[in-house]
Amino acid sequence: MEVKRIAKSGTFESNDIYIIVEPKGDEGIEINLESIVMKQFGEQIKKTIEDTVKSFKIKSIKITAKDRGALDYTIKSRVETAIKRAL
Amino acid sequence: MKLRRSMLFIPGNNPGMIQNAGVLGADSIILDLEDAVAVTEKDSARILVRNAIKTLDFYNSEIVVRINPLSTDFGFEDIKEIAKVKPHALLIPKSTTEDIKACDDILKRIEEYEGFENNHIKLFPLIETAYGLENVYNIIKASDRVEGVLLGAEDLTADLGIKRSREGEEIFYARCKVASACRAFRVDAIDTPFTDLNDYEGFVEDIKRAKSIGMTGKAAINPRQIDTIHDVFAPSKEEIEYAKRVMKAQEDAKREGKGVFSLDGKMVDAPIIQRADNILEKARLSGLL
């Protein structure tokens with residue numbers, strides 16, 4: 001699948017994550033993450049985002065994520081929503 | 001018998017509230033995809049609620065999802081997405097007989113496709129129009145999946161063109177009609193929420209009024225309301241004591257070969273014994289015995 005346009009999902013409220021996805025010129029998954037729990041969970045959040053992207057068989061995407069302490073189910077949901085909005 | 005005294009509404013697009021919902025002690029949690037979600041976020045909430053049901057533990061609360069009306073573009077999408085993760089039930093806004101039949105049909109197909117047990121996902125019609133109210137008996141009859149009816153007084157009074165009041169006299173007829181139809185099918189009658197969170201006395205009176213008419217539970221819009229709802233719907237000490245004495249007197253009468261007997265000078269027959277048995281069962285489930 002291909003990301004065709006910029007799309008957003010989520011909010012800046014606590015326990016949520018704000019996601020912006022956009023097309024990327026070349027191949028690869030680029031993730032720019034800001035999180036209130038970056039030190040402890042930064043890598044895990046990036047992996048959850050990446051796994052969700054891969055489940056849609058997307059090979060080229062740029063993701064900006066601003067995390068406010070979201071659990072995995074929220075991260076997966078917001079990424080899925082943004083991707084579906086961008087297709 | 002399953003206790004369904006309280007059904008707590010939780011906005012379907014709020015992850016913080018959804019993930020804490022299981023610890024609040026409500027008998028049922030209604031994850032709301034309808035009024036609590038902006039039109040532009042319907043897709044987002046649907047995905048969030050689907051993943052929440054798949055992942056989170058809601059402990060002893062059963063999960064009900066209020067979908068969007070079937071007359072909108074969102075209703076059928078909601079069913080397709082949410083039924084896959086097996087919530088206990090769906091709450092159908094502005095229900096009509098046709099809606100309940102259509103839901104039953106779609107759920108049947110999804111259950112077959114997913115390999116779920118037949119009739120696994122239950123339905124709660126939401127009665128909130130004059131048309132729905134006048135058809136409530138047929139709405140319940142439309143599907144074996146119906147486990148209860150929720151009365152939505154705000155929309156109903158808007159449809160009737162009348163004002164809501166603190167005392168709720170204007171919904172007396174609706175409560176009676178819903179309670180009676182529900183009892184006819186032995187399903188739960190869930191009363192409309194009380195919306196003034198600062199009026200505690202009015203809230204207690206409102207629950208008592210609903211209970212006295214035959215409503216069996218109440219919807220809540222704030223976790224603060226749960227304990228009060230449970231307290232009012234719980235059998236009182238006096239009711240429990242009387243029920244115990246009825247059952248004891250029945251045993252004595254049986255031993256003596258009597259069909260009808262009296263207690264405190266009043267005749268006791270089958271309906272009174274049935275009521276006493278119901279009270280003791282409710283008391284047991286509420287942890288009062």
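Below, chains carry the letters A, B, ... as their sequence lines are ordered, and counting in each starts from 1. For clarity, every value in this text was computed on a predicted model and none was experimentally measured.
Interface remark: B/Arg46 contributes no atoms to any contact with chain A (heavy atom separation under 4.5 Å).
With sequence neighbours left out, B/Tyr113 forms a ring pair (Phe, Tyr, Trp, His ring centres under 6.0 Å) with no residue at all.
Close approach to chain B, defined as a heavy atom under 4.5 Å from one of its heavy atoms, is seen in A/Ser77, A/Arg78, A/Glu80, A/Thr81, A/Lys84, A/Arg85 of residues 77-87 of chain A, taken by number. Taking 4.5 Å as the heavy-atom cut-off, the residues of residues 15-29 of chain B that approach chain A are B/Pro15, B/Gly16, B/Ile18, B/Gln19, ordered by number. Interface with chain A: from residues 69-106 of chain B, no residue qualifies, criterion being any non-hydrogen pair under 4.5 Å.
The number of heavy atoms from other shown groups lying within 6.0 Å of CG (B/Asp196) is above 12. The local environment of NZ in B/Lys122 is crowded, with over 12 non-hydrogen atoms from other residues, nucleotides or ligands closer than 6.0 Å. Within 6.0 Å of atom CG in B/Asp144, 12 or fewer heavy atoms from other residues, nucleotides or ligands are found, so the atom counts as exposed in its surroundings. Within 6.0 Å of atom NZ in A/Lys24, more than 12 heavy atoms from other residues, nucleotides or ligands are found, so the atom counts as buried in its surroundings.
Atoms CG and OG1, from A/Leu71 and B/Thr55 in turn, are 9.5 Å apart once rounded to the nearest 0.5 Å.
Ranked by heavy-atom pairs shorter than 4.5 Å toward chain A, the options B/Leu56, B/Asn13, B/Asn14, B/Leu48 are led by B/Leu48.
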